[in-house]
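What follows is a set of notes on a single structure, which appears directly below.
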There are 2 protein chains.
Amino acid sequence: MTEVAATGISVLLVDDHPIVRQGYRRVLESQGDLHVVAEADNAADAYGAFKVHDPDVVVMDISMPGASGLEAIRNIRARSPRARILVFTMHNEAVLVKAAFSAGASGFVTKSSEPSAVVTAIRSVARGERAMSDDIAHVLAEDSLSPTGSVLDQLGEREIEILRQFAGGATTEQIASHLNLSVKTVQNYHYLIKTKTGARTDAQLVRLAATCGLTKI
Amino acid sequence: MTEVAATGISVLLVDDHPIVRQGYRRVLESQGDLHVVAEADNAADAYGAFKVHDPDVVVMDISMPGASGLEAIRNIRARSPRARILVFTMHNEAVLVKAAFSAGASGFVTKSSEPSAVVTAIRSVARGERAMSDDIAHVLAEDSLSPTGSVLDQLGEREIEILRQFAGGATTEQIASHLNLSVKTVQNYHYLIKTKTGARTDAQLVRLAATCGLTKI
DNA sequence: CTGCTGCTCGGGCAAATTTCCCAAGCCGAT
DNA sequence: ATCGGCTTGGGAAATTTGCCCGAGCAGCAG
């Protein structure tokens, strides 16, 4: 790798909140071996920054406005299979975790984890290992044992993404433009999600998303 | 008052959850001076039970299916101005508290309060005093100081009630029949609430209701 | 390889709902 | 007495929903 890698681990921070990025940057840099070489606040910029800086690890929040973070993962991995991506988000739904790993993520750490867990995970991921925080391991473990998975398990990745944005308050048009879909498609997903989950009302959908941790409120 | 009153305080419990009523009944009766003489699980039955048993204090959850608990309070007070009503609910929004007191309630205690707070409040209310739990006092105090009140302060009582039921997952028809309104009126309220609060989406409305404590999720 | 299945994406269309404007009764305040 | 605000609903246009459909594409079993 580059000389940067020789002297430590270079990191690309992707998160839509500047203050958050600033905070994490300080935490990571105080470690000595971690260097934040770039930041991005959306999925599109993330790949551009990745190409320019070729970081050892991408630390990415997948709940950003704009395209799905999962798509960003796939984008980066498709063009740079050696990329190491650590998902760092507040969500802890098993479906989301599984989707992230199958999209090519190397690790998954929740924002409620100790700062040290993030640092540890970054080092693990940089070594090419898989990493996840304890709570994620528990969620995954629970999920693998439960025959009757979460309601969200019935939903596809696109459906999850649309449900998240919808429950977050986005309009149909906003979701359509975020995801580059036709309004019609989003409407169809909306309907599909309702029938799959059994929600009779948009409000029930929001509550469902909230109780499943898809949305914070 | 009756001989029952002479030997203690008679209580009418109004709550839509049987288990909840059962639990409170035990708590209250273990006090020695409190006697639950009747229960009701809806607003309509509440007045009937009140007439029959003439309790010293009505302990009432105002978030029940059917007519608004506030209407039940007005009903009872209109026919029996000497009635003492203690509102006992999980909601702690200033608007709701104010609405309850102006509807004729003598006290307001949240369900998150210590059991002893309820007992104390019942005794206070029975003596003709006003009573409220500490958290309610804080909410009211905060509210009186804040020039920029909660978004809910823009809403009328009916609007609040409809918003609560809507955010709770009820369909327009269900709300209409609960409140004995035409579907059309509920739709108009729905629209009015959205414009008043600035919510562009049903999901935003639910989130608003949740952050204001109108709904638990 | 060949089907099968499931996800994604969207068209179509009738039925339902939402949006927005308006009116009337009621009640409290000025 | 009048004004404003709450409550209740009608009406009509605009949108969305509910369901049905087909196509492309990936993965997977036979």
Side-chain angles (χ1 to χ4, degrees), chain A residues 67-68 70-71 74-75 77-78 95-96 98-104 149 152-166 169-206, chain B residues 67-68 70-71 74-75 78 95-96 98-99 102-104 149 152-167 169-206:
Chain A
S68 158
L70 295 178
E71 281 181 45
R74 262 189 293 276
N75 263 335
R77 292 278 297 184
V95 261
L96 240 194
K98 291 195 254 183
F101 276 118
S102 74
L152 296 186
D153 286 337
Q154 316 163 35
L155 268 38
E157 188 182 295
R158 262 281 116 127
E159 292 162 340
I160 298 249
E161 181 61 28
I162 287 174
L163 173 55
R164 189 219 312 296
Q165 297 200 18
F166 171 75
T171 67
T172 302
E173 287 90 349
Q174 288 172 339
I175 299 176
S177 85
H178 284 166
L179 263 30
N180 262 109
L181 296 176
S182 82
V183 168
K184 183 62 195 176
T185 299
V186 177
Q187 288 176 340
N188 276 335
Y189 272 113
H190 191 341
Y191 167 71
L192 234 197
I193 295 168
K194 278 215 238 179
T195 58
K196 275 194 180 181
T197 60
R200 318 234 301 91
T201 281
D202 284 352
Q204 292 178 15
L205 223 43
V206 176
Chain B
S68 158
L70 296 178
E71 282 182 43
R74 261 190 292 277
N75 263 334
V95 261
L96 240 195
K98 290 195 255 183
S102 74
L152 295 186
D153 286 338
Q154 315 163 35
L155 268 39
E157 187 183 295
R158 264 277 118 128
E159 292 162 340
I160 298 250
E161 180 62 28
I162 287 174
L163 173 56
R164 189 219 314 297
Q165 297 199 18
F166 170 75
T171 66
T172 302
E173 288 91 346
Q174 288 171 339
I175 299 176
S177 84
H178 284 164
L179 263 31
N180 262 109
L181 297 175
S182 81
V183 168
K184 183 63 198 176
T185 298
V186 177
Q187 287 177 340
N188 278 335
Y189 271 113
H190 191 340
Y191 167 71
L192 233 197
I193 294 167
K194 278 214 239 179
T195 58
K196 275 195 180 181
T197 60
R200 318 234 300 90
T201 280
D202 283 353
Q204 292 179 14
L205 223 43
V206 176

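Residue numbering restarts at 1 for every chain, and letters A, B, ... go by the order of the sequence lines. This structure is a prediction, so every number in the text was calculated from the model and none was measured.
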Partners passing side-chain hydrogen bond (donor to acceptor under 3.5 Å, both in side chains) against B/S182 (at least two apart in sequence or in another chain) = B/T185

key: salt_bridge(B/R164, B/E161) N-O dist < 4.0 Å   = yes

ask   = Does A/Q204 offer a backbone N or O that forms a donor-acceptor pair with the side chain of A/T201 under 3.5 Å?
value = no

Euclidean distance, atom OH of residue A/Y191 to atom C1' of C/dA14 [Å, nearest integer] = 14 Å

remark   = DNA chain D nearest-nucleotide lookup for A/K194 and B/N180: closer to the 5′ end is B/N180

task = Run the numbers on A/I175 and A/H190 for side chain to side chain contact (heavy atoms under 4.5 Å, CB included), then give the verdict.
result = CA-CA 11 Å; A/I175 299 176; A/H190 191 341; over 6 Å; no

ask   = What is the distance, rounded to the nearest whole Å, between atom CG of B/D202 and atom P of C/dT19?
value = 7 Å

note = Taken to the nearest whole Å, CD/B/Q187 to C1'/C/dC20 is 13 Å

ask   = Taking the side chain as C-beta and beyond, is there a heavy-atom pair between A/K194 and A/D202 under 4.5 Å?
value = yes

inquiry  = Rounded to the nearest 0.5 Å, what separates atom OG1 in B/T171 from atom CD in B/Q165?
reply    = 10.0 Å

key: Whole-Å gap separating C1' (C/dC9) and NE2 (A/H190)   = 17 Å

Collect all protein-nucleotide pairs involving nucleotides 11-13 of chain C in which both atoms are nitrogen or oxygen and the distance is under 3.5 Å.
residue, atom, partner, partner atom, Å
C/dG11, O6, A/N188, ND2, 3.1
C/dG12, O6, A/K184, NZ, 2.8
C/dC13, N4, A/K184, NZ, 3.3

task = Mind checking side-chain hydrogen bond (donor to acceptor under 3.5 Å, both in side chains) for B/T195 and listing every partner two or more places apart, or none if nothing turns up?
result = none

task = Calculate the interatomic distance between A/I175 atom CD1 and C/dT8 atom P; express it in whole Å.
result = 15 Å

inquiry  = Taking side chain to side chain contact (heavy atoms under 4.5 Å, CB included) as the definition, give me every residue that meets it alongside B/N188, ordered by chain and number, with sequence neighbours left out.
reply    = B/K184

message = Between the opening five pairs and the closing five pairs of the helix from C/dC1-D/dG30 to C/dT30-D/dA1, how far apart are the helix axes, to 10°?
response = 30°

ask   = Roughly how far, to the nearest 0.5 Å, is CD of B/E173 from CD of B/Q187?
value = 8.0 Å

Nucleotide range of DNA chain D lying under 4.0 Å from chain B heavy atoms = D/dC6 to D/dA12

ask   = Residues in side-chain hydrogen bond (donor to acceptor under 3.5 Å, both in side chains) with A/T172, at least two apart?
value = none

inquiry  = From CD of A/E173 over to P of C/dG10, roughly how many Å is that when rounded to an integer?
reply    = 15 Å

request  = Apply side chain to side chain contact (heavy atoms under 4.5 Å, CB included) to B/E159 and list each qualifying residue two or more places apart in sequence or on a separate chain.
outcome  = B/L155, B/Y189, B/L192, B/I193, B/K196

